[in-house]
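To start, the structure under review is shown below, and the notes come after it.
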Amino acid sequence: MADSNLSSLALCILPLFMILIFLKFIVRPHPVKIPVKSRHVFITGGSSGIGLALAHQAATEGARVTILALDNLEEAKDYIRLSTGIDVTILKADVCDFEAVKEAVESVGPIDVLVCNQGVIVAQEVENLDVKEIGRIIDVNLVGMFNLVKAALPGMKNRSDRKPVSIAFMSSQGGQVGIYGYTAYSASKFGLRGLAEALQQEVIAADIHVSLIFPPETYTPALAKAKKSMPRLTSTITAFSGAMQANEVAKKAWKGIKSGRFSITCNLEGFFLSIVTAGVSPQRSYLMAFIEVIFAGVVRLGVLCVQWSWYRTIEKFDEVK
Ligand SMILES: NC(=O)c1ccc[n+]([C@@H]2O[C@H](COP(=O)([O-])OP(=O)(O)OC[C@H]3O[C@@H](n4cnc5c(N)ncnc54)[C@H](OP(=O)(O)O)[C@@H]3O)[C@@H](O)[C@H]2O)c1
C-alpha cells in the first residue's frame, strides 16, 4: 500500500520536474545582473513621486544620477543632497519634444540605466475626455518613451564599458488590466508593453535589458491630482488593490531593474496579474516560468471572479442612477 502511494506520488511529481528542467533550458533571455555602482542612471520624471524616490535609491547605492523633468528640479536636487550628501545632475526638458530630449541626453554622456518614468495620470471616462487631453496622455506616457529611447540608444550601444545596461519603463497595474475611467491612461500603458517586448528583441545583442514596471496606486502628487476628478466607479474598483508609498515602489522597481527582470511587480495583486497576463512576454527565470505554466489557469479563475465583482458594481451603480 505504502509502495503504491509512493509510486503514484512519483508519477505526479515526475512530469512537473520534467517541465521545470525543460524550462531551465528554454527560457530566454538568459538571467543577467545590472551593475549600478559608479554607473550613469538617468531617470525621467525624477523631480517627484516614484521617480524622485528612485533617484534617491540609486544615489544611495553609488550611482551617478541624472534626473529630467519640467519643474521642481532644484527642490529635488536639494532633497537628495540633504538626505544623502550626493549631488545629482538636473535637466529640464519636455519628453514630448524629441530635439529637446536629444540635446538633454547628449549633454550628459552615455547612459547605463535609463528609467523612463515620467507620466500623467488622468482618470475620466472617454466620453468626458476631450481629444486634446487624450493626445497629451498618449504623448507624455507613450510617445515620450520613444523619444527617450531614440535619443539614448546610440550612446548606450556605443558605450566603452561592455557591462550589461538597462532600459526600464514605468507602466502601471492599469497597463496589466483595463479599468473603468482609465481608458486613455490604460491605452498608453498597454502600449508600453508592445514597445518593451519588441525593443528587448532589438537590443538583446547589444547586452541591453528591458524592464517593465507595474506599480499599483501609489501616494504621489499625480495620484492626488487624479483623485480630485476621479469617477466614483474608478475609486470603487481600484480599491481592490491597496495603495503603496513611493519609496516602497521605488525599492521594488530598483531591485527588479538590477536583477534584469522583464516584468517587475510591486505587490501581490501585481504578481497574480503578471502570471495571468504573461502571454508571450520574455521570462528570464525558469522558476517564475514554472509558476506561470502551472498556475495560469487557476489565477485566471480568480481574476474572472474579480471581473464578476467589477461588473456587478457597475450594474448596481447604473441601477442607482
Ligand atoms: N502614482 C500612482 O498611483 C502610479 C501608479 C502606477 C504607475 N504610476 C506611474 O509612475 C510614473 C510616475 O508617476 P508619479 O505618480 O510618481 O507622478 P508625479 O509625482 O506627478 O511625477 C511625475 C513626473 O513626471 C514628470 N513629467 C510629467 N510630464 C512630463 C513631460 N512632458 N516631460 C518631462 N517630465 C514630465 C513630472 O515632472 P514635472 O513635475 O516637472 O512636471 C514628474 O517629475 C508615471 O509614469 C505614472 O503613470 C503611478
Side-chain angles (χ1 to χ4, degrees), residues 42-57 66-77 79-80 88 90-105 115-123 133 135-148 151 168-177 179 181-182 184-193 195-196 211-228 230 234-235 238-239 241-250 252-254 264-267 269-270 273:
F42 189 106
I43 302 170
T44 64
S47 66
S48 168
I50 299 171
L52 179 58
L54 268 166
H56 186 275
Q57 182 76 27
T66 301
I67 59 178
L68 177 145
L70 290 170
D71 291 311
N72 305 318
L73 284 157
E74 288 294 346
E75 290 86 336
K77 185 181 171 126
Y79 163 74
I80 295 173
V88 299
I90 53 175
L91 296 171
K92 183 182 167 89
D94 182 344
V95 293
C96 304
D97 177 349
F98 176 67
E99 289 308 323
V101 170
K102 190 165 177 275
E103 195 179 308
V105 165
V115 187
C116 304
N117 161 77
Q118 88 290 335
V120 286
I121 306 176
V122 179
E133 183 68 341
R136 185 181 76 94
I137 297 165
I138 304 289
D139 274 354
V140 177
N141 293 3
L142 182 59
V143 181
M145 306 297 194
F146 279 96
N147 289 341
L148 287 159
F169 299 103
M170 191 60 70
S171 180
S172 161
Q173 282 185 0
Q176 292 176 296
V177 53
I179 292 171
Y182 275 129
Y185 182 72
S186 275
S188 70
K189 296 297 186 180
F190 269 72
L192 287 181
R193 184 177 183 130
L195 163 59
S211 293
L212 194 53
I213 307 158
F214 298 106
E217 277 197 346
T218 307
Y219 298 113
T220 66
L223 182 68
K225 191 173 167 212
K227 288 258 181 209
K228 284 184 189 156
M230 187 176 273
T234 311
S235 312
T238 51
S241 179
M244 291 177 73
Q245 298 295 338
N247 63 344
E248 293 175 302
V249 169
K252 302 260 181 190
W254 188 239
I264 302 176
T265 57
C266 303
N267 64 359
E269 287 85 1
L273 284 173

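Whatever order the structure lists them in is the order used to number ligands and atoms, beginning at 1.
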Checklist outcome for this item: Closest to atom 3 (O) of ligand 1 among protein heavy atoms sits Thr218 N, 2.7 Å
Checklist entry - What is the closest protein heavy atom to atom 28 (N) of ligand 1, and at what distance does it sit? => result Val140 CG1, 3.6 Å
Checklist entry - Of all residues at least two apart in sequence or in a different chain, which pass the salt bridge (Lys or Arg N to Asp or Glu O under 4.0 Å) check with Glu133? => result Arg136
Checklist entry - Do any nitrogen or oxygen atoms of Cys96 lie less than 3.5 angstrom from nitrogen or oxygen atoms of ligand 1? => result no
Checklist outcome for this item: Residue, atom and distance of the protein heavy atom nearest atom 43 (O) of ligand 1 read Ser47 OG, 2.7 Å
Checklist entry - Below 4.0 Å from any atom of ligand 1, is there a heavy atom belonging to Thr44? => result no
Next on the checklist: Has Lys189 got a side-chain atom pairing as donor or acceptor with Ala184's backbone, closer than 3.5 angstrom?
Outcome noted: no
Next on the checklist: For Tyr185, state whether at least one heavy atom is located under 4.0 Å from any atom of ligand 1.
Outcome noted: yes
Checklist entry - Taking distance alone, with no angle check, do Asn72 and ligand 1 share an N/O pair under 3.5 Å? => result no
Next on the checklist: Please classify the Thr220 to ligand 1 contact at 4.0 Å (heavy-atom distances, strictly less than): side chain, backbone, both or neither.
Outcome noted: side chain
Checklist entry - How far does CG of Leu148 sit from CZ of Phe98, to the nearest 0.5 angstrom? => result 9.5 Å
Checklist entry - So is Asp94 polar-close to ligand 1, meaning N/O to N/O under 3.5 Å? => result yes
Item to check | Side-chain donor or acceptor of Thr44 paired with backbone N/O of Gln118 under 3.5 Å | outcome: yes
Item to check | Electrostatic pair Lys92-Glu74, nearest N-O below 4.0 angstrom | outcome: no
Checklist entry - What's the verdict on side chain to side chain donor-acceptor pair (under 3.5 Å) for Asn72 and Ser47, showing C-alpha distance, side-chain angles and the deciding distance? => result CA-CA 6 Å; Asn72 305 318; Ser47 66; 5.1 Å; no
Next on the checklist: Less than 4.0 Å from atom 21 (O) of ligand 1, is there any heavy atom belonging to the protein?
Outcome noted: yes
Checklist entry - Val95 to ligand 1: N or O pair under 3.5 Å? => result yes
Checklist entry - Under the ring-ring contact (aromatic ring centres under 6.0 Å, His included) test, which residues partner Tyr79, sequence neighbours left out? => result His56
Item to check | ligand 1 N/O within reach of Ala69 N/O, cut-off under 3.5 Å | outcome: no
Checklist entry - Could an N or O of ligand 1 be found under 3.5 Å from any N or O of Leu70, whether backbone or side chain? => result yes
Checklist outcome for this item: If you scan protein heavy atoms around atom 40 (O) of ligand 1, the nearest is Asp71 N, 2.4 Å
Item to check | Check: Asn117 side chain, Gly45 main-chain N or O, donor-acceptor pair, under 3.5 Å | outcome: yes
Checklist entry - For Ser172, is at least one N or O under 3.5 Å away from an N or O on ligand 1? => result no
Checklist entry - Heavy-atom count around Lys252 NZ within 6.0 Å, excluding the residue itself: above 12? => result no
Checklist entry - At under 4.0 Å between heavy atoms, which part of Ala243 makes contact with ligand 1: side chain, backbone, both or neither? => result neither
Item to check | Any Ala246 heavy atom less than 4.0 Å from ligand 1 | outcome: no
Checklist entry - With a 4.0 Å cut-off on heavy atoms, is Pro216 touching ligand 1? => result yes
Next on the checklist: Counting non-hydrogen protein atoms only, what is the nearest one to atom 7 (C) of ligand 1? Give residue, atom name and distance.
Outcome noted: Ser171 O, 3.2 Å
Item to check | Least distance between heavy atoms, Ile179 atom then Ser186 atom | outcome: N-OG, 4.0 Å
Checklist entry - Tell me: protein heavy atom nearest atom 17 (O) of ligand 1, and distance? => result Ala222 CB, 3.1 Å
Checklist entry - Is Gln173 in contact with ligand 1, taking contact as a heavy-atom separation below 4.0 Å? => result no
Checklist entry - With a 3.5 Å cut-off and no angle check, do the side chains of Asn267 and Glu248 form a donor-acceptor pair? => result no
Checklist entry - Nearest protein heavy atom to atom 9 (C) of ligand 1, by residue and atom, and its distance? => result Met170 CG, 3.7 Å
